Amino acid sequence: MNLVIIGPQGSGKGTQAEFLVNELGLRHIETGEILRKIAETNTVTGRLVRETMDRGELVSDEVLMEILKDQLDHTGVKGFLFDGTPRNLVQYKLINDILALHGQKIDKVILLNLPEEETIKRLSSRRTCEQCGRVYNLITNPSPNGESCECGGELIQREDDVPEAIKRRLLAFWRSTEQVIEAFKQENILVEVDGNQPIETIHQEIRQKLEI
Ligand code: AMP
């Protein structure tokens, strides 16, 4: 089974993705996280990705294509959970083309809806572990260790989690995903879930709507 989880930044898609990956044996393909790692490398692509992300814009489809080709290894997995992609029709086609080589396709898309004020509130409270990359939220999902991660690492605020950059990312997100969400609707694979509910309620609603 191949799933996509899509939603504005801060909608809790990372948390829900983790549940689904563990329960269904899927490989988690989180493009934001993969790109952040690439942005740290001192290469031409690394610098290009870093500059694009710092501006709050989307990286080019060409760069994303190279990354996805590397990541979509079917060995030992029951499918993929795409998180952060596809954000446009080009990316959607690309993913389905790669999956089609294995006789597969994207089966369902979970869309987590969230109002803009709530997104800004949540993202400004987001903290990421410097060591293991785990993501917490001071309000909705705090670390049991207070100001440090469960692994002991220090929790930091991402540079693109400040209000101005958040607004730019949201705009880019809706502008570019509008068309792809419409395509999912037309293909009848879109499952919409209210992201403004407790984590466990959202999880149960997703399971129920996916019939898993
Ligand atoms: P996210 O963690 O999903 O908010 O992504 C952080 C940043 O990574 C975005 O603002 C983009 O610059 C980049 N990014 C993540 N996923 C994609 C994608 N599918 N296509 C293009 N850029 C992406």
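Every number for a ligand or one of its atoms is a count from 1 in the order of the listing. Treat the numbers as computed from the prediction; the structure is a model and nothing was measured.
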Flag the pair R87 and D61 as a salt bridge only when some basic side-chain nitrogen lies within less than 4.0 angstrom of an acidic carboxylate oxygen. no
Report the relative orientation of the aromatic rings in Y92 and F184; use parallel for angles under 30°, tilted for 30 to 60°, perpendicular for over 60°. perpendicular
Charged N to carboxylate O under 4.0 angstrom, E23 versus R207? yes
Judged by heavy atoms only, the candidate from S176, G32, G84 nearest atom 5 (O) of ligand 1 is G32
Under 4.0 Å, heavy atoms only, figure out whether ligand 1 is touched by the backbone of Q91, its side chain, both or neither. side chain
Polar contacts were defined as any N/O atom of the residue lying under 3.5 Å from an N/O atom of the ligand; does this apply to M53 and ligand 1? no
A student checking ligand 1 against L64 at a 4.0 Å heavy-atom cut-off should list atoms 18 (C), 19 (N), 20 (N)
Salt-bridge criterion met for K121 and E117 (N-O under 4.0 Å): no
Distance-only, no hydrogens or angles: does the E18 side chain make a donor-acceptor pair with backbone N or O of H28 under 3.5 Å? no
Atoms of ligand 1, numbered as shown, that sit under 4.0 Å from any heavy atom of T85: 19 (N)
Does ligand 1 have any atom sitting under 4.0 Å from a heavy atom of R36? yes
Hey, are R122 and E118 close enough for a salt bridge, meaning a charged N less than 4.0 Å from a carboxylate O? yes
Please indicate whether any nitrogen or oxygen in T31 is less than 3.5 Å from any nitrogen or oxygen in ligand 1. yes
Does some non-hydrogen atom of R158 fall short of 4.0 Å from ligand 1? yes
Does V59, backbone or side chain, put an N or O under 3.5 Å from an N or O of ligand 1? yes
Short N-O contact, K93 and D97, less than 4.0 angstrom: yes
Does E150 CD have over 12 foreign heavy atoms under 6.0 Å away? yes
Among E51, R169, R87, E33, whose heavy atom sits nearest atom 3 (O) of ligand 1? R87
Starting from atom 11 (C) of ligand 1, locate the nearest protein heavy atom and write down its residue, its atom name and how far away it is, to 0.1 Å. E57 O, 3.4 Å
Proximity of L35 to ligand 1 by residue part, where a heavy atom lies under 4.0 Å: side chain
